[in-house]
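None of the values given here were measured: they were computed from a predicted structure. Every heavy atom of this structure was used, including side-chain atoms; hydrogens, water molecules and symmetry mates were not.
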Amino acid sequence: TLGSGAFAGCNNLKFVKLSRNIGKIPLQAFEDCEELEEIRLFEGVTEIDDFAFQNCKQLRKAILPEGLRTIGCSAFNGCENLGELLLPDSVKDIGISAFSGCKKLAALTLPPALQVLRESAFSKCASLAEMAIPGGLSEIKPNTFAGCTGLGSDPAQREKNQPLRVCGMHESGMGGV
């Protein structure tokens with residue numbers, strides 16, 4: 001098992017590949033590892049706790065395992081260079097501000113098990129321009145996409161003052177973001 005804050009502030013750490021025996025990434029486990037570039041988690045990890053990877057400013061790629069159910073509050077907050085993120089289908093809960101400030105995140109496919117998007121979950125993701133929203137999503141909380149200037153930023157849309165278009169909406173009838 002890993003303890004809370006186990007590797008917090010380890011600035012020379014560049015890559016994390018955890019064994020299959022780790023079931024939970026604890027509170028602040030890798031927080032402020034400013035040179036961390038990639039994480040690879042294997043099946044068996046079911047939870048990423050609050051602030052686990054917060055402010056890992058050089059993190060570019062996060063490979064998250066199928067079976068992951070929960071991503072905690074601010075888990076990846078401030079990971080400004082995170083551009084490659086694949087959320088497994090098993091994710092049911094994405095915490096408040098979980099991916100806030102991931103400025104390089106350009107495309108996003110939300111998992112089908114997800115039912116609620118919490119406050120500010122993807123706020124300040126300035127490059128986010130495309131996303132797929134699952135049919136089971138029943139609620140988008142306030143400020144979920146606040147500051148996502150890439151959404152609806154197509155010049156033709158701005159000129160016509162058209163509302164935001166979201167790619168990949170499913171047949172649930174979930175309307176406008």
S127 side chain vs K103 backbone, donor-acceptor pair below 3.5 Å: yes

Short side-chain to backbone donor-acceptor contact, S74 and D50, under 3.5 Å: no

Reported CG-to-CD distance for the pair L13 and E37, which is rounded to 0.5 angstrom: 10.0 Å

Any donor-acceptor N/O pair, E66 side chain to S90 backbone, under 3.5 Å: yes

Residues that R40 engages under side chain to side chain donor-acceptor pair (under 3.5 Å), provided they are two or more places apart: E38

R69 atom CZ, neighbour heavy-atom count above 12 within 6.0 Å: no

R118/D93 salt bridge by N-O under 4.0 Å criterion: yes

Rounded distance (nearest 0.5 Å) linking atom CG of N11 with atom NZ of K57: 11.0 Å

Under 3.5 Å: donor-acceptor pair, side chain of D32, backbone of A8: no

Residue K104 excluded, over 12 heavy atoms near NZ under 6.0 Å: no

Main-chain N/O of I25 paired with D49 side-chain donor or acceptor, under 3.5 Å: no

Value rounded to 0.5 Å, distance of NZ in K124 from CG in N143: 10.0 Å

Inter-residue atom distance T46.OG1 - L68.CG, 0.5 Å rounding: 7.5 Å

Modelled atom types, side-chain donor and acceptor of E31 and Q54, under 3.5 Å: yes

Side chain to side chain donor-acceptor pair (under 3.5 Å) evaluation trace for S100 with S123: CA-CA 5 Å; S100 181; S123 65; 2.8 Å; yes

Chi angles and distances behind the side-chain contact (heavy atoms from CB on, under 4.5 Å) call for F122, M131: CA-CA 11 Å; F122 292 95; M131 74 179 125; over 6 Å; no

L27 with I71, same ILVMFWY side-chain cluster at under 4.5 Å: no

